[in-house]
Asker: 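Sharing a structure below in C-alpha cells format, with a few things to ask.
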Amino acid sequence: MSKSGEVWWKSENLGKRRWVFMVFLGILILHGLSILVFTRGFLLTRTELSQYSHCSDIQQSPCFSPSQDDQMVNHSKGCWTKPAVDRIVIIVLDALRYDFVAPSTFFEEKKPWMDRLQVLHKLASQPGSFAKIFKAIADPPTTSLQRLKGLTTGGLPTFIDVGNSFGAPAIIEDNLIYQMAKNGKRVVMMGDDTWVQLFPQHFNISHPFPSFNVKDLDTVDNGCIEHLFPYLYKDDWDVLIAHFLGVDHAGHIFGVDSTEMIEKLEQYNGILEKVVDVLESQSGPGGLHENTLLLVMGDHGQTINGDHGGGAPEEVETSLFAMSLQKHPSSLPSETDSSSCRLDMEKRKICTSSIEQLDFAATVSALLGIPYPFGSIGRVNPELYALAAGTWTLDFFNPESGINLSRLERWMQNYVNVLCINTWQVKRYIDVYSASSVIGFSDKDMSHVSNLYAQAHAIWLHTKEAVLKCKSESCLALLPQLEKQVEAYSNFLSSIAALARSKWTEFNLKMMGTGFCILVLSLFFHIFIIKKLDKLYSCYLPRGGNFVVSFEAIFAYAAVLIRSFSFLSNSFILEEGKVASFLLATAGMLQLRLAIVKKKMLLEGLLFVLVVPLLRFGIELGQSKQAVNSLFLKSFPSWTVSIDKGTNLWIYVADILPFLALVILAYILYTSIRNSSCRGIFKYVVIGTIFASSLIALAWTLDGNLFSPSTMIVDIKAYWIPRTIYVFGLLQLFLLAISQLCGKEKTSGWEDDTIVKATAMLSAWSSTIIILSGKQGPLVALAAVIQGWCIIRLMNLERAKDDFNESSTSYSSPVAKWSLLAVCLFFCTGHWCAFDGLRYAAAFVGFDEFSLVRQAILLTIDTFGFSHILPVMGLPLIVACRQHPEVKAEKRKQLFFFQLWQVYLMYGLIMATSMTLTVICVTIQRRHLMVWGLFAPKFVFDAVGLLLTDFFICFASLYYFA
C-alpha cells in the first residue's frame, strides 16, 4: 500500500497532484451539500398563503359590520370596522431606541442621548391624553426588512428573510399596504427605498432614496424633509409614510454615545416640532387634518455600539409615539390602561405603555376601517385604538330608548366588536394555514385553539343578548359582560401569538437528518484520508509505523471536543470567544511547563502565554458589545476601560500603538525579504505590502487633527488610499498566480520555497484586511504573527531528540492551537456570531455608493479575514518550519507534501467537527426561545466559516502543491 503510494507521488507527472485539489474539492462539495440540505429543513420560512382578505368576508363572521348609513354620515369608506381616522401620517425613524423617546426619569441612569426629543415629551404630558409614548416590542431578528414585513403583514417573519436584507423581494402575501391601496386609500411614501422593493405597485406616489450607504447620514433624511412638508398641505393622500435613516446610520458608524447621534436626534426634534405645528394648524373643524393620526415609530432598536439584528433588549425595544388630532378627552378606559407614569426632567407627568409590533397591522386596519391582512395574528391594541377611536359608538349600539350609557360602556361596546372581528380573522387564518401547510400545527394545539375560540364565541352570544336587553331594559349587567368578553378574546389572541412564536417555523426533520448524516460522512472521509496518508509516508521514516500518541496530541483532541460540545449550551455560545481563549491559554501553560522542564525555548513559551490575555481583552470588549473600534477608531479608550477622560496619556497611546504595530509588521516583512531566498515576483509582492502599509499610515495621519479637513484630503484618505490598496491586493494575487503558471518546479529547498510563498500570500491579503479593520487591524495582526511564530517554534518541544516516529498525531497540537488562535482572532476583532456583530461600515471603506457584490466581498473579508483567510493561507508554515534531517534528501520532498496535505485535512476536520456540533445544537434547540436570536445566527456564521475554509483550502492546494 505504502509502496504504491510512493510510486504514485514520485511520478514526475505533476498533473497527478491535482488529486490533492480533487480531494479538497470533494470535501467542499460534501460540506456544501450537507449545509444546503440541512438549511432547507431548518431555515424554512412559514408557508405564505395566497389568500387575501376582502370586504365581503365580514358577512361570514358572527360580528357586527358598520352600517352603510353611518359610513355616509362620516364620509368614510369602511367595510370591516367603522373608520376612526381619515388620514394617518407615519414617520419611521429607523433604529429608534426606546430611551431615545421615553424620558430619562424612566431609566436608572441618564445618558447623553436621552431627552433629546423634547417635543414628544411636551405633547405626551399635555392633559387630555391625545398623545402617548409606547414601548414597541419587536420580534427578532431585528433587521429592517423583517421588521417592515412584520409591521405590514401582522405576522412573524422567519429567520431566512435575513438573507434578503440587502435585496428585498416584493411581499406576495396579504399586507397592510395592499389593503390600503385596494380599499381606496391613497398612499404616499418617501425615504428608505426598501419600501418600494417590498411594495412595488402599491404607492400612489413614492420618493425612494438609496438606503445601504451607512456612511451617508443625510441623503435619505434630506429627501424626506424635502417632500414631507409640502405633502402635509395637500389633500391628495390618505396615508403618508416617511422613513428616515440618519439615526440608524449614525449608530452603525459612530455608535449611540456620539456627537453625530445627538445631532441627529436634535435634528429630528426640530422636524417633528414643525410637523406637529403644521398638523395642528389645520386640525380645526373642517380642516385638512381634523381627523388625522400621527405615528412616530421605530422599526427596531440598536445596541450601544449601533448594531442590530439579534434579540437583545436594546435591539427589540423600540418606540411608538401616537397623537390624535381629534384630542378626545379621557378617551381610554381605565380597565384597559396599562400605563406607567412618572415625572420628566421638567416635572411634567408622562405616561408610557407597551405595544407589540405584531399588533400594528391589525390596529391600523381597524382605525382605517379596512380588512385586516389575512395572515395577521396580532391584536387590536386597546390603548392605541382608543387614542384615535375616541368614545363614539357603532349605530347598532346607540340606545334609542333614552337610556344614558356611560362613556366607558360605549367605548367597550365598540372595542368588543372590533376584537370580535379580530378574533374571527385570526381563527380563520389559523384554520386555513393548518389545513394547507405541509406540517401545520399539531392536533393538540389545534384542539386548544378551538376550545379557546369556542369559549369566546359562547360568551359573545351572551354579550349580544346583553346589548339587546340594554336597548330596552336595564344596562347594569352590560359592563361586566363586556369586560368578560374582552378578556376571552384577549386570551385567545395571546395564545395564538405564543403558539406562533414557539412553532411558527416548519422544521423538516428528514432533511435536517439527511444534512447531518452527510456532514458526519465528511468527518469519516477526513479521518480516512488522514490515516491513509499516515501509511503512505511511514516508509520515509526510520522507524515507520510505530507511532505513539503524545500527551500534547491528547490535549489537542480534548480541546477540540471541549470547544465543540460547549455549543450545546446557549451560555457557552454567548461566551464562545472566552472559551477559546481559555483553551488557548491552557495550551500555552502546558507548553511553558514543557519549556521549563526541557530548559529551552522559554522566551517563546512565555511570550505565547503573555499575548493570550491581550487577545482576551479584545474579546471582552467585543462580547460586551463595546467593540474594539470604540477604543481605537474613536480615540476614546477612557470611555471603554473606565479611565478618566481627562487623562490625555491614554488618548496618545491609542493613537500611537496602531502606527507602532504597523511599523513592526513592515519591518518583519522587510527582514523576511532581506534574510531569505525571497526573490523575483515574491519579493515585489512583499515590497508592495510594505508600500501599502505606508499608505495606511498616511490615511490615519490625514484622519487626525494635523490637517484641516479639506475636500482633497477627505477624498485622499476616504477614497483613493483604500481603493489603491484594493488594487494593490488584486495585483499582488495576480502576480502570485502568474508565478504559479510560469514558475519551474524545484528539486530541493521545498521548505524554504513554501515559507517564501506563504509570506507573499499572507502579505498580499494583509493590507486589505488591516485597512478594513481600522486602527485595531495592525495590533491584531501583530498578535497573530507573534502567536503563530510561537506555535511554530514550540512544536519542536513536543518531539524528543531521537524521536523520528511522526504521524498525524505529531501535528495535532500545533494545528489545534492554530484553530483556537483563529477563533480568538474572530472575536477580538469585535465580531460575534450574530448579525449585529457585522461591521457594515467596513463594506463602505473607500466607497459611498452601494453595490451588492462589492460590498458583500468587503464585508466578508472584514468579518472572516483574520479568522479564516489568513490562518488557512499561513498553515503551511507549520510544516515548512519543521526540519527532517533524519530523512534522506530524495524522500524529503514526498514526505513534505504528504504532511502538508495531512495538516490541511486536520484543520478542515477541526472546522467540520465544530460545525457538526453546531448542527446538533440547533437541532436540539430548534424550539428554544432564542432559536432565531442566538442559535440560528451561530449556525449561519459557522456554515459560512466552514465553506470559506474549504474554499481557501482548495485555493491553497493549487498554490502550494502545484
Side-chain angles (χ1 to χ4, degrees), residues 607 610-619 621-622 627-637 640 650-673 685-704 717-718 721-722 724-726 728-729 732 759-790 821-822 824-831 839 841-842 845-846 858 861-871 873-874:
L607 190 60
L610 292 178
V611 173
V612 174
L614 300 179
L615 296 176
R616 175 62 180 265
F617 176 71
I619 293 171
L621 294 179
V628 181
N629 58 13
S630 296
L631 172 62
F632 298 108
L633 295 184
K634 297 172 66 175
S635 294
F636 285 110
T640 305
W650 294 102
I651 298 178
Y652 297 143
V653 170
D655 281 333
I656 293 173
L657 280 179
F659 287 93
L660 183 61
L662 202 59
V663 170
I664 294 175
L665 290 171
Y667 177 76
I668 292 174
L669 289 177
Y670 171 74
T671 304
S672 69
I673 63 176
V685 168
V686 175
I687 292 175
T689 300
I690 297 175
F691 177 71
S693 299
S694 66
L695 291 180
I696 295 174
L698 175 62
W700 292 342
T701 303
L702 295 177
D703 197 34
K717 72 178 182 181
I721 290 180
T724 302
I725 291 174
Y726 299 154
F728 262 79
Q732 287 171 308
T759 303
M761 179 59 70
L762 293 175
S763 65
W765 282 98
S766 61
S767 300
T768 299
I769 295 173
I770 288 175
I771 197 170
L772 291 176
S773 300
K775 290 186 178 180
Q776 64 174 333
L779 297 174
V780 176
L782 183 59
V785 169
I786 294 173
Q787 292 297 81
W789 177 75
C790 291
L821 174 61
C824 291
L825 293 177
F826 176 81
F827 288 96
C828 78
T829 50
H831 296 100
R839 291 203 302 249
V845 174
L858 292 178
I861 294 175
D862 172 70
T863 305
F864 298 103
F866 277 116
S867 58
H868 291 74
I869 299 175
L870 295 183
M873 301 313 298

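For clarity, every value in this text was computed on a predicted model and none was experimentally measured.
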Asker: At what distance, to the nearest 0.5 angstrom, does CG of Leu779 lie from OG of Ser773?
Answerer: 11.0 Å
Asker: In Å and rounded to the nearest 0.5 Å, what is the CG to CD1 distance from Leu698 to Ile721?
Answerer: 4.0 Å
Asker: Show the atom names and distances, to 0.1 Å, of all donor-acceptor pairs under 3.5 Å that link a side chain in residues 610-618 to residues at least two apart or in another chain.
Answerer:
| residue | atom | partner | partner atom | Å |
| --- | --- | --- | --- | --- |
| Arg616 | NE | Glu620 | OE2 | 3.0 |
| Arg616 | NH2 | Glu620 | OE2 | 3.2 |

Asker: Between Ser763 and Gln732, do the side chains contain an N or O donor and an N or O acceptor separated by less than 3.5 Å?
Answerer: no
Asker: At their closest point, which heavy atom of Pro778 faces which heavy atom of Ile770, and how far apart are they?
Answerer: CD-CG2, 3.8 Å
Asker: For Ser867, which residues count as a side-chain contact (heavy atoms from CB on, under 4.5 Å) partner, sequence neighbours excluded?
Answerer: Phe826, Phe864
Asker: Under 3.5 Å, side chain of Thr768 to main-chain N/O of Trp765, donor-acceptor pair present?
Answerer: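 No: the side chain of Thr768 does not pair with the backbone of Trp765.
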Asker: How close do Gln787 and Leu607 get, heavy atom to heavy atom, and via which atoms?
Answerer: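 Nearest pair, atom of Gln787 first, then Leu607: OE1-O, 4.0 Å.
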Asker: Within this structure, what is the NZ-CG distance for the pair Lys775 and Leu657, rounded to the nearest 0.5 Å?
Answerer: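 Between Lys775 NZ and Leu657 CG, I get 11.0 Å after rounding to 0.5 Å.
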Asker: Rounded to the nearest 0.5 Å, how far apart are CG of Leu825 and NE2 of His868?
Answerer: 10.5 Å
Asker: Which atom pair, heavy atoms only, marks the closest approach of Val686 to Ser672?
Answerer: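 The answer is CG1-OG, 4.3 Å.
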Asker: What pair of heavy atoms forms the shortest contact from Ile725 to Ile771, and how long is it?
Answerer: CD1-CD1, 3.4 Å
Asker: For the residue pair Arg839 and Leu772, establish whether any side-chain heavy-atom pair is separated by less than 4.5 Å.
Answerer: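 Counting from C-beta outward, Arg839 and Leu772 never come under 4.5 Å.
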Asker: Check Phe866 against Gly777 and note the closest heavy-atom contact, atom names and distance.
Answerer: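 Where Phe866 meets Gly777 most closely, the heavy atoms are CZ-O, 3.5 Å.
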Asker: Taking C-beta and beyond as the side chain, do Val845 and Leu858 meet within less than 4.5 Å on heavy atoms?
Answerer: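 No, their side chains stay 4.5 Å or more apart.
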Asker: Rounded to the nearest 0.5 Å, what separation is found between the CD1 atom of Ile690 and the OH atom of Tyr667?
Answerer: 11.5 Å
Asker: Please examine the side chains of Thr759 and Val685, heavy atoms only from C-beta on, and report whether any two atoms are closer than 4.5 Å.
Answerer: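 No, their side chains stay 4.5 Å or more apart.
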Asker: Check whether any side-chain heavy atom of Thr689 lies under 4.5 Å from a side-chain heavy atom of Ser766, and answer yes or no.
Answerer: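 Thr689 reaches Ser766 side chain to side chain.
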Asker: If I compare all heavy atoms of Ala781 with all of Leu665, which pair ends up nearest, and what's the gap?
Answerer: CB-CD1, 3.7 Å
Asker: To the nearest 0.5 Å, how far apart are CD1 in Ile769 and CG in Leu762?
Answerer: 9.0 Å
